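All remarks here apply to the structure that follows.
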Amino acid sequence: MRIYDVTLTISPTLPVWPGDPPVDLQRVSKMEEGAICNVTRMNISVHTGTHVDAPYHFLAKGKTVETLDLKTLTGRAYVVDLPDKDLITAADIEAAGIPPRTKRVLFKTRNSVHWGKGHTDFNPNYVAISPDGAKYLVERGVKLVGVDYLSVAAFEDPAPTHQVLLKAGVIIVEGLDLSKIAQGRYTFYCLPLKIAKSDGAPARAMLIGV
Ligand SMILES: [Zn+2]
């Protein structure tokens, strides 16, 4: 069994969405200053690094993150490698050869090159899923969609793709580092922090080779 950690490391150099607070980690208790132990305070957006979007992120009456179903967040998944796409459309997904009845799809794109190289600047030209691509995924019965940048939707107009997926109850996982992952079948585990009434939560995510 091979475990692949596809989680971004939360650190002050991690790019964040423009306008979101940068990652702030402060040690508030320091052993080198005589404290009995080290304690760090973390000040971050819940959409930092590898994270899950809850419906409440784009739907005023949507479910919040602590209520999301762990059954959806865990199980068989398919990683699709689309290295040449700038926007993932319904036609691209249809042509990608995703096995029938796949419930969890993770999209590997050129975005993962950034993580592999350790880039620290936000890139607004990331690869996203178009609204028609999102509709197609819903029609296929997909329940979880993962992407390898900080948003599933294009930078210029993020609402439509998010709304299509979240209205249909699809769980969105963003900020996956798929740089070392080949296309194919895996078992996926994604465990968002259980934060009350939150529109999202950072998560630890891993793939297990099958
Ligand atoms: Zn998000």
Side-chain angles (χ1 to χ4, degrees), residues 4 6 8 15-18 47 49-59 62 68 72-73 75-117 119 121-186 188 190 199-200 203 205 207:
Y4 302 90
V6 290
L8 294 172
V16 297
W17 194 256
H47 299 270
T50 307
H51 70 278
V52 169
D53 282 356
Y56 185 56
H57 188 33
F58 273 89
L59 306 173
L68 295 181
T72 307
L73 288 156
R76 285 168 60 98
Y78 191 76
V79 175
V80 186
D81 191 2
L82 298 172
D84 306 322
K85 301 296 174 193
D86 292 323
L87 180 70
I88 301 167
T89 64
D92 296 329
I93 301 167
E94 201 173 358
I98 299 167
R101 296 182 296 284
T102 299
K103 293 276 178 273
R104 301 169 195 85
V105 182
L106 312 182
F107 291 92
K108 178 183 181 182
T109 71
R110 61 172 162 79
N111 297 332
S112 278
V113 175
H114 290 278
W115 307 131
K117 289 184 176 170
H119 288 180
D121 290 335
F122 179 81
N123 170 24
N125 300 315
Y126 60 86
V127 184
I129 299 175
S130 70
D132 84 306
K135 279 188 202 122
Y136 177 75
L137 288 165
V138 170
E139 284 162 14
R140 275 191 70 130
V142 169
K143 298 296 178 202
L144 180 142
V145 173
V147 292
D148 56 356
Y149 209 65
L150 300 175
S151 175
V152 70
F155 184 65
E156 300 73 29
D157 190 16
T161 293
H162 276 99
Q163 287 168 349
V164 168
L165 295 172
L166 296 173
K167 272 183 193 161
V170 176
I171 296 181
I172 300 170
V173 185
E174 297 171 330
L176 293 166
D177 176 2
L178 301 175
S179 57
K180 296 184 178 66
I181 306 300
Q183 175 165 303
R185 295 174 200 264
Y186 298 85
F188 184 53
C190 178
D199 44 273
L207 288 168

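Treat the numbers as computed from the prediction; the structure is a model and nothing was measured. Atom set for the values below is all heavy atoms of this structure, side chains included, hydrogens, waters and symmetry mates excluded.
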- Taking the side chain as C-beta and beyond, is there a heavy-atom pair between Leu150 and Glu174 under 4.5 Å? no

- Before giving the answer on side-chain contact (heavy atoms from CB on, under 4.5 Å), spell out for Val173 and His51 the whole-Å C-alpha distance, their side-chain angles and the decisive distance to 0.1 Å. CA-CA 6 Å; Val173 185; His51 70 278; over 6 Å; no

- Message: In the structure I gave you, are the side-chain heavy atoms of Val6 and Thr50 within less than 4.5 Å of one another anywhere?
- Response: no

- Heavy-atom check, side chain of Val142 versus side chain of Ile98, under 4.5 Å: no

- Do you know which of Ile88, Val79, Val127 makes side chain to side chain contact (heavy atoms under 4.5 Å, CB included) with Phe107? Ile88

- Checking side chain to side chain contact (heavy atoms under 4.5 Å, CB included) against Val147, which of Leu176, Thr161, Ile129, Leu178 comes through? Ile129

- Message: Please verify the inter-ring angle class for Tyr149 with Tyr126; under 30° counts as parallel, over 60° as perpendicular, anything in between as tilted.
- Response: parallel

- Closest heavy-atom pair, Leu73 versus Val52, reported as atoms and distance to 0.1 Å, is CD2-CG2, 4.2 Å

- Item | Residue pairs fulfilling salt bridge (Lys or Arg N to Asp or Glu O under 4.0 Å) with at least one residue in residues 91-109, sequence neighbours excluded | Lys85-Asp92

- Go through the steps to decide whether Ser151 and His47 satisfy the test side-chain contact (heavy atoms from CB on, under 4.5 Å), and finish with yes or no. CA-CA 9 Å; Ser151 175; His47 299 270; over 6 Å; no

- Is there a side-chain contact between Leu106 and Leu207 (heavy atoms, below 4.5 Å)? yes

- Task: Could you label the plane-to-plane angle of the Phe122 and Trp17 rings as parallel, tilted or perpendicular, counting under 30° as parallel and over 60° as perpendicular?
- Result: perpendicular

- Might you work through the side-chain contact (heavy atoms from CB on, under 4.5 Å) test for His114 and Asp148, ending with a clear yes or no? CA-CA 10 Å; His114 290 278; Asp148 56 356; over 6 Å; no

- Item | Gap separating the CZ atom of Arg185 from the OG1 atom of Thr102, nearest 0.5 angstrom | 6.5 Å

